[in-house]
Amino acid sequence: MRRHPGSPGLGLLTLLLLVLAIASRAGPVTPPKAAIATAHPLATEAGFSILADGGNAFDAAVTISAVLAVVEPYNSGLGGGGFWLLHRAADGHEVMLDGRERAPLAAHPDLYLDARGQFVPELALDGPLAAAIPGLPAAFCHLAEHYGRLPLAKSLEPAIGLARDGFPVDESYRRMATWRLAALRASPAASAQFLPGGEVPPLGYLLRQTDLAATLTALATQGCDGFYAGPLAERLVSGVRAAGGIWSLEDLARYRVVERAPIVAEYQGWRLVSAAPPSSGGVLLAQMLNMLAVLPPDQLKGEPRAHALVEVMRRAYRDRAAYLGDPDQVAMPIARLTDPDYAAGLIRDYDPARATPSRVGDGCEPETFEEGRDTTHFSILDRDGNRVAATLSINYPFGSGFVPPGTGVLLNDEMDDFSAQPGVANVYGLVGGEANAIAPGKRMLSSMSPTFLESERGVAILGTPGGSRIIGMVLQGILAAVEGAPVDDWVARPRIHHQYLPDRVEYEPGALDAAGQAAMRSRGHRLEPVERGFGNMQAIHWDRVGGRVEAASDPRGAGRALVR
Ligand code: GLY
């Protein structure tokens, strides 16, 4: 078609109108403000300081991860790992950076069994035999090199300062250190670092970690070779081996982070982007949302809602145990598991009036874990629209409790996230299958679920710690976001939890009133109130329609969410 000189062609005009229409529906492309929500005020401030110094959300992710390693040593650290879900605004690139720990090459399926073939839980929880090869330092290098604007020497500055000069001990530190006192005391270097004078320090005590400051400085100046090779690697390995562990220099040299395509699903016009295996989070969230999508709408409101949530959680967690593990070592039917038709089949036997019993196996009743606040989560949105949702862990509070002398690195006990004996519960009561059996170099299955939601209406960035309860908590946060509830509600609403086995419904105070409890019992659910709240959700909402950014930190924790 010939164009009239000086006027746009019909095709161009149509394109222009289309772009304008999409832009007006989707709102501005960049947010009016940046937001950060983390579990510790010092980490939130450090994140903003790096943004102010010219960093982007990915630089801030390095800074925050490193600061949390210093000020929340019971939840995450250089001796642990995590998942960083990234969205780069410039090209929409979305990826999950997998910095999950890997089993040492000398690991084998019988590692935690006694002479009679019985699982010995303490071996997978306390001391260096429980520790897998850390991924956090490698993730820092990858983030800085491929996504950030600043060198590690800059983004690690705040953490180095806090490790060297000290941070004031808070109530969470004291509670977790008291909880893990025996494990920490068993390691002289951990005791010296975390228990000055051999005791849990008092509130406000300025805790300095000079070895950790030196290790962070080595990372800042030498990059990953400052951790995975050279003198530090030698100290890590010799410390582990002298205390009965099985690490080798080759384990450290061979550690790599992996970029993985996130799990993507749709729910009520929202696009879910969440963690891929070796996290079970995204797969289970997709399954649960797909199941909820086919339930009659009256089941998702009022009194029946708790029953519906429990029944979708039950079915999704059953698949977790049956199918999921390390994608580099196990073939998994991810496309089928996340297919809406498959979910419709899973929930076909849903009975509004009756609980569907789980199959309780021998020896699957777990010890009750006092609470589920270990692990940490943070969410970031920068002014360019870059997003990070990151969940990091050293597993149990203070991990394995073991520090190799001269390193300042508290090691994880993530090996407990393997199914040490298929069919036998781990510390969270999770029962695993062969897909998550221990093998050399393997990544253990996780529940960590850093998540984005996106629609024309807005963007949500969220996640939480909490062991096996993480996925159900994130589900409940997603549902609040989709309902249009304020972000404070996403993080604050009382929660319920069911994980197939043990077959019981845990609920926070306020999650079920007396009538709700009676209705659940009448359906055959076993109820178990949890006195202390669970979770520590950190969430950001960019409301594209209203042109607002809001952030919230879970009132159960002592974190801070700021918008600037
Ligand atoms: N260690 C907790 C998790 O990865 O799920």
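We count ligands from 1, going down the list as the structure has it; atoms in each ligand are counted the same way. As the structure is a prediction and not an experimental result, all values here were calculated from the model.
- Proximity of His142 to Glu259: side-chain heavy atoms (C-beta onward) are separated by under 4.5 Å at one or more points.
- Within ligand 1, the atoms closer than 4.0 Å to a non-hydrogen atom of Arg100 are 4 (O), numbered from 1 in the order shown.
- In this structure, Asp339 has no salt bridge (Lys or Arg N to Asp or Glu O under 4.0 Å) partners at least two apart in sequence or on a different chain.
- A heavy-atom distance below 4.5 Å is not found between the side chains of Ile540 and Val459.
- In Met444, neither the side chain nor the backbone holds a heavy atom less than 4.0 Å from any atom of ligand 1.
- Taking the six-membered ring for Trp and the full ring otherwise, Tyr317 and His497 have centroids separated by under 6.0 Å.
- Backbone and side-chain nitrogen or oxygen atoms of Thr375 are examined, and none is located within less than 3.5 angstrom of a nitrogen or oxygen of ligand 1.
- Summarising the local packing, CZ of Arg336 is surrounded by more than 12 heavy atoms from other residues, nucleotides or ligands at distances under 6.0 Å.
- Residue Glu414 approaches ligand 1 through these ligand atoms, each under 4.0 Å from one of its heavy atoms: 1 (N), 2 (C), 4 (O).
- Of the heavy atoms in Asp417, only side-chain atoms (C-beta onward) come closer than 4.0 Å to ligand 1.
- Within the structure, ligand 1 has Ser393 among the residues with a heavy atom less than 4.0 angstrom away.
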